[in-house]
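Throughout, numbering of the chain's residues begins at 1 and tracks the sequence. We count ligands from 1, going down the list as the structure has it; atoms in each ligand are counted the same way.
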Amino acid sequence: MKHIGVLTSGGDSPGMNACVRAVVRTATLNDIQVTGFYRGYEGLMENDGVPLTRYDVRNIIHRGGTFLQTARSQEFRTPEGRAKAAANLRAQGIEGLVVIGGDGSFTGAKFLSEEHGIAVMGCPGTIDNDLFGTDYTIGYQTAVDTAVEAVDKIRDTAASHNRLFFVEVMGRDAGFIALRTGIAAGAEGVLIPETPTDINRLVGYLKTDFQKKRRSGIIIVAEGDDGGGAYDVAQKVQSEFPDWETKVTVLGHTQRGGKPNAFDRILASRMGHAAVLALREGRTREMVGVQGNQIAYVPLEQAIKHHATISPYLLELVDALS
Ligand code: F6P
């Protein structure tokens with residue numbers, strides 16, 4: 001393989017730049033030329049790419065977002081869109097592609113490879129940590145750090161005013177960010193989509209707390225929770241405690257931005273490096289994961305079809321310590 005492409009796709013996540021840097025530097029070391037495509041598959045279809053040398057990826061390892069920018073492309077979901085992208089790759093002699101993104105991006109990569117014979121490797125870049133076959137995705141740990149820092153600040157003001165806060169965190173339909181944030185920030189409760197939310201149980205627990213005069217607290221609500229978002233849950237709980245002031249904070253996109261922590265920089269570097277070596281060895285249609293701190297290759301099909309599972313132990317831990 002003499003020439004590969006790289007792009008970032010879907011929601012950005014802290015560490016994507018570190019991953020692109022690792023792809024470019026590993027490829028250069030192995031005499032492989034790299035073209036970076038802007039705005040994910042949009043740039044691939046528009047042939048909006050730029051040659052990347054090892055010097056072009058200087059001073060980016062610490063930066064949040066993605067300098068290649070990203071997009072969620074509707075057109076690439078169509079066979080016509082993918083044919084356009086494949087034609088652009090072929091015209092430049094690009095035989096392999098590293099896609100840094102989440103499950104939607106990997107679905108596109110899989111189709112591109114099956115339909116047009118382009119070798120593809122995926123690096124899991126999403127704050128949601130919802131891909132099967134990897135213990136961690138790039139950006140997840142940083143997003144948790146960001147959420148914990150925010151909740152710590154909220155706790156100061158919650159305690160000062162005897163208020164009950166419902167803090168909504170991201171994660172789409174997965175509760176990984178919520179669960180880790182809840183444990184690290186010492187939340188009084190965590191509501192996640194993977195377990196049925198029982199508002200009566202929460203109310204019962206809060207009543208005991210309230211009677212003991214512990215009148216401030218933090219409940220973390222995953223945005224995809226079946227009890228509704230933080231506003232819905234807060235409203236239901238508030239009706240049971242007319243004299244207790246509840247507040248809602250939605251952390252939103254603050255969790256996506258910011259510089260990657262050391263964990264994510266190292267994870268992204270390992271994954272980008274492994275993706276290029278895999279392409280060079282002739283591997284394709286796989287995601288680079290880490291399992292038990294070892295690099296693992298997982299077929300894209302598996303990574304996108306199954307969800308990573310929430311640890312029952314961590315769920316118990318939240319309950320035990322709240
Ligand atoms: O997948 C990452 C993520 O941040 C989810 O947690 C969230 O539901 C979604 O993207 C938000 O997407 P957008 O930035 O397009 O609003």
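Counting atoms of ligand 1 from 1 in the listed order, those under 4.0 Å from a heavy atom of R256 are 3 (C), 4 (O), 9 (C), 10 (O), 11 (C), 12 (O), 13 (P), 14 (O). Listed by number with element, the atoms of ligand 1 under 4.0 angstrom from any heavy atom of G171 are 6 (O). Atoms of ligand 1 found under 4.0 Å from any heavy atom of R72, numbered from 1 in the order shown, are 9 (C), 10 (O), 11 (C), 12 (O), 13 (P), 14 (O), 15 (O). If you number the atoms of ligand 1 from 1 as listed, the ones under 4.0 Å from a heavy atom of H253 come out as 13 (P), 14 (O), 16 (O). The distance from ligand 1 to the heavy atoms of R172 drops below 4.0 Å at these ligand atoms: 5 (C), 6 (O), 8 (O).
Distances shorter than 4.0 angstrom do not occur between any heavy atom of Q255 and any atom of ligand 1.
Salt-bridge check for K153 with E149: passed, with a basic side-chain N closer than 4.0 Å to an acidic carboxylate O. R215 and E245 are not joined by a salt bridge, as no carboxylate oxygen comes within less than 4.0 angstrom of a charged side-chain nitrogen.
Screening D12, T142, T146, T126 for a side chain to side chain donor-acceptor pair (under 3.5 Å) with R256, the sole residue that qualifies is D12.
Formation of a donor-acceptor pair under 3.5 Å by the N17 side chain with backbone atoms of F67 is found in this model. Checked by atom type and distance alone, the side chain of Q33 never pairs as donor or acceptor with a backbone atom of P51 at under 3.5 Å. The backbone N or O of V50 sits nowhere less than 3.5 Å from a side-chain atom of T35 that would complete a donor-acceptor pair.
Between the CD atom in E188 and the CG atom in L206 there is a gap of 8.5 Å [rounded to 0.5 Å].
With a 4.0 Å heavy-atom cut-off, ligand 1 is reached by the side chain of E223 but not by its N, CA, C or O.
Taking any N or O of G11, backbone or side chain, none lies under 3.5 Å from an N or O belonging to ligand 1.
Of the protein's non-hydrogen atoms, D128 OD1, 2.7 Å is the one closest to atom 6 (O) of ligand 1.
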